[in-house]
Colleague: 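Sending over a structure as structure tokens; questions will come in a sec.
Just so we're on the same page: letters track the sequence lines, and every chain starts at 1.
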Number of protein chains: 2
Amino acid sequence: MNSNTYSTVGSFGKKRISESTIHRLSRYYRTLSVLEKEGLQTVSSKDLAKREKLTPAQVRKDLSFFGSFGTRGLGYPVTELKHQMASILGIDRLWRVALIGVGNIGSALVGYKEFARQGFNIIKLFDNDQRKIGSNHKGITISDVRNLERDLKEARIEMVIIAVPATVAQYIIDDVVKAGIKAILNFAPANLKVPNDVFLRNENMSMELEYLSFALVNNHAQKK
Amino acid sequence: MNSNTYSTVGSFGKKRISESTIHRLSRYYRTLSVLEKEGLQTVSSKDLAKREKLTPAQVRKDLSFFGSFGTRGLGYPVTELKHQMASILGIDRLWRVALIGVGNIGSALVGYKEFARQGFNIIKLFDNDQRKIGSNHKGITISDVRNLERDLKEARIEMVIIAVPATVAQYIIDDVVKAGIKAILNFAPANLKVPNDVFLRNENMSMELEYLSFALVNNHAQKK
DNA sequence: TTAACTATGTGAAAAGGTTCACAAAAGTAT
DNA sequence: ATACTTTTGTGAACCTTTTCACATAGTTAA
Ligand SMILES: NC(=O)c1ccc[n+]([C@@H]2O[C@H](COP(=O)([O-])OP(=O)(O)OC[C@H]3O[C@@H](n4cnc5c(N)ncnc54)[C@H](O)[C@@H]3O)[C@@H](O)[C@H]2O)c1
Ligand SMILES: NC(=O)c1ccc[n+]([C@@H]2O[C@H](COP(=O)([O-])OP(=O)(O)OC[C@H]3O[C@@H](n4cnc5c(N)ncnc54)[C@H](O)[C@@H]3O)[C@@H](O)[C@H]2O)c1
């Protein structure tokens with residue numbers, strides 16, 4: 001019921017996988033990329049755990065939901081485990097992504113190389129500002145948001161990033177949903193409604209600053 | 001041990017408050033601001049829960065960690081509860097914030113009005129690019145990162161936002177820590193080390209895209 | 001080939017977070 | 001005033017996630 005509550009997407013076999021586990025897989029993937037560059041052949045759950053500030057048991061448990069990737073007495077093969085993580089996360093392929101709202105944050109995201117490196121290709125941009133529409137931004141022409149539904153379908157977009165003001169975000173989302181999009185990353189601070197079969201993730205930077213503020217004001221013991 | 005693991009900062013009285021609860025307080029705060037603008041005098045845990053897609057019990061439990069703010073039979077006074085949330089989160093005051101790395105994402109953050117509205121005042125900017133140093137960005141002169149430690153102390157900075165390339169983030173963090181800063185929001189995708197008395201939060205947008213990717217590939221049942 | 005290590009994979013236990021359920025307290029209507 | 005309704009605040013129950021602990025299986029060294 002709560003987006004933070006025991007939230008699980010899907011099931012590998014009959015098992016349900018928690019949001020925390022999926023986020024840790026992302027972290028393992030990035031760390032494994034680093035280890036690969038460092039020339040390491042294998043890594044133990046202990047080593048990986050140390051880098052991620054986790055327990056070795058947590059690492060093994062996370063991986064065990066998806067298979068047996070290690071060798072007892074030795075550890076996990078770095079490159080292979082990296083590929084496994086990519087496969088599980090679905091980033092061993094290209095994703096066709098559109099971004100709506102080419103303003104301050106939107107522009108920053110469009111040029112972000114890390115997204116492309118992980119297979120997220122921002123190939124369509126939309127805005128409602130006449131001065132921006134038709135202009136070229138990092139090689140992509142900005143389209144008029146008025147044809148959003150049609151253009152998303154035409155370009156066979158699979159994911160959408162929303163970077164418009166909070167006041168209009170729901171209208172945009174409604175059109176995005178109509179276009180059949182099932183995955184949305186939203187940067188507008190608003191409680192947006194989507195049907196049950198659409199995945200919506202919210203990125204809220206104020207929340208993290210507020211967490212820091214809370215921690216400072218209450219001068220609180222750091223976990224571990 | 002894990003940054004996602006039962007992570008709790010501090011204690012109100014003897015109670016430990018979970019990260020989830022603090023994040024929900026942020027959401028309550030934002031929603032209460034909206035309700036206040038809508039002219040509502042009181043709100044019940046049921047109403048608030050509906051807006052946040054939580055259970056009423058969750059709302060009441062979260063609030064109960066910090067006090068009794070409601071009136072039985074009536075609900076919570078909107079404006080007062082908003083102020084209470086602000087006070088608990090520590091955003092009923094101004095925070096002196098510095099941002100390091102005025103590039104794509106850094107520039108976007110500097111101009112973001114929502115931060116200032118919640119008391120986070122970005123009053124110092126740092127970069128190592130000679131073309132940027134000395135120039136004015138949204139009314140703030142960009143300082144040379146070489147004097148980082150000295151300048152952070154001089155400006156009595158309390159929080160730092162890091163938006164430099166991942167390769168240099170650890171060096172920057174080390175200087176920031178030396179300057180006595182106890183709260184850092186980091187946008188670089190890297191496993192950064194800080195002493196135990198420094199709060200470090202990481203904002204990782206790739207992670208959310210990867211979550212969506214996982215959800216799509218495994219075509220998974222949405223929670224609830 | 002054997003002995004001594006090392007490290008995985010996983011049930012079970014422990015810890016943490018959410019929801020239930022209800023007494024208590026206040027509002028509302030008559 | 002009294003009965004009835006509404007809604008809070010909270011221990012207890014419930015559910016999820018993490019950690020423990022160990023059997024198992026592979027490596028390494030002599
Ligand atoms: N700037 C930041 O650092 C930051 C950080 C976190 C969240 N956000 C959020 O991201 C969103 C965008 O912020 P920003 O700072 O980039 O604002 P911005 O005003 O710079 O950009 C918004 C863009 O959306 C476009 N737009 C407006 N209405 C539109 C519509 N109906 N259809 C299509 N495009 C439309 C505007 O033309 C503009 O290009 C906001 O919701 C903001 O709260 C921004
Ligand atoms: N652009 C995005 O949308 C985005 C999204 C998520 C995360 N990030 C992360 O944020 C960071 C910055 O990304 P960006 O896209 O803004 O990159 P960028 O190259 O546009 O900006 C980096 C800025 O840091 C400055 N810099 C470099 N070395 C420095 C040093 N030693 N001291 C001080 N300043 C220094 C550069 O001069 C530049 O202004 C990166 O770690 C990136 O991975 C970016």
Colleague: Roughly how many Å is it from CG in L63(A) to C1' in dT18(D), rounded to a whole number?
Modeller: 15 Å
Colleague: Under a 3.5 Å distance rule, please check whether T21(B) uses its side chain to pair with a backbone N or O of I17(B) as donor and acceptor.
Modeller: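 Not confirmed, T21(B) side chain does not pair with I17(B) backbone.
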Colleague: Does dG9(C) have OP1 or OP2 under 4.0 Å away from a side-chain N or O of Y76(A)?
Modeller: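 Yes, within the criterion.
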Colleague: Between F214(B) and Y211(B), how do the two ring planes meet: parallel, tilted or perpendicular, split at 30° and 60°?
Modeller: tilted
Colleague: Taking the nucleotide of DNA chain D with the closest heavy atom to each, which residue, T21(A) or R60(A), is nearer the 5' end?
Modeller: T21(A)
Colleague: Can you name the nearest heavy-atom pair linking N191(A) to Q170(A), along with the distance?
Modeller: O-OE1, 4.2 Å
Colleague: Without decimals, in angstroms, what is the distance between L48(B) CG and dG9(D) P?
Modeller: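 The answer, rounded to whole Å, is 13 Å.
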Colleague: Expressed in angstrom and rounded to an integer, what is the separation of L81(A) atom CG from dT8(C) atom C1'?
Modeller: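 The distance from CG of L81(A) to C1' of dT8(C) comes to 13 Å, rounded to the nearest Å.
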Colleague: Identify, between K61(B) and G70(A), the residue whose nearest nucleotide on DNA chain C lies closer to the 5' end.
Modeller: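 It is G70(A), whose closest nucleotide lies nearer the 5' terminus.
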Colleague: Report yes if at least one side-chain N or O of T55(A) is closer than 4.0 Å to OP1 or OP2 of dT18(D); otherwise report no.
Modeller: no
Colleague: Would you say S20(B) places a side-chain N or O within less than 4.0 Å of OP1 or OP2 belonging to dG17(C)?
Modeller: no
Colleague: So, are R51(B) and E38(B) salt-bridged, with charged N and O less than 4.0 Å apart?
Modeller: yes
Colleague: Please find the pair of heavy atoms, one from Y29(A) and one from A86(A), that lie closest to each other, and give the distance.
Modeller: CE1-CB, 3.7 Å
Colleague: More than 12 heavy atoms of other residues, nucleotides or ligands under 6.0 Å from CZ of R93(A): yes or no?
Modeller: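 Yes, the 6.0 Å shell around CZ holds more than 12 heavy atoms from other groups.
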Colleague: Whole angstroms only, please: what is the CZ-P distance between F66(A) and dG9(C)?
Modeller: 14 Å
Colleague: Can you tell me if T31(A) uses its side chain to pair, donor with acceptor, with the backbone of R27(A) under 3.5 Å?
Modeller: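 Side chain of T31(A) to backbone of R27(A), a donor-acceptor pair under 3.5 Å: yes, one is there.
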Colleague: Could you pull out the protein-nucleic contacts involving nucleotides 24-30 of chain D (nitrogen or oxygen on both sides, under 3.5 Å)?
Modeller:
residue	atom	partner	partner atom	Å
dT24(D)	O2	R72(A)	NH1	2.4

Colleague: Compare side-chain N and O positions of R24(B) against OP1 and OP2 of dT18(C) and report whether any pair is under 4.0 Å apart.
Modeller: yes
Colleague: Whole Å only: how far is the CG atom of D62(A) from the C1' atom of dG9(C)?
Modeller: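 Interatomic distance, CG of D62(A) to C1' of dG9(C): 13 Å.
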Colleague: Could you tell me whether the phosphate oxygens of dT8(C), OP1 or OP2, come under 4.0 Å of any side-chain nitrogen or oxygen in S45(A)?
Modeller: yes
Colleague: For E52(B) and dT18(C), give me the distance from atom CD to atom P, rounded to whole Å.
Modeller: 14 Å
Colleague: Round to a whole Å and report the spacing from CD1 of I17(A) to C1' of dT18(D).
Modeller: 15 Å
Colleague: From NZ of K50(A) over to C1' of dA7(C), roughly how many Å is that when rounded to an integer?
Modeller: 17 Å
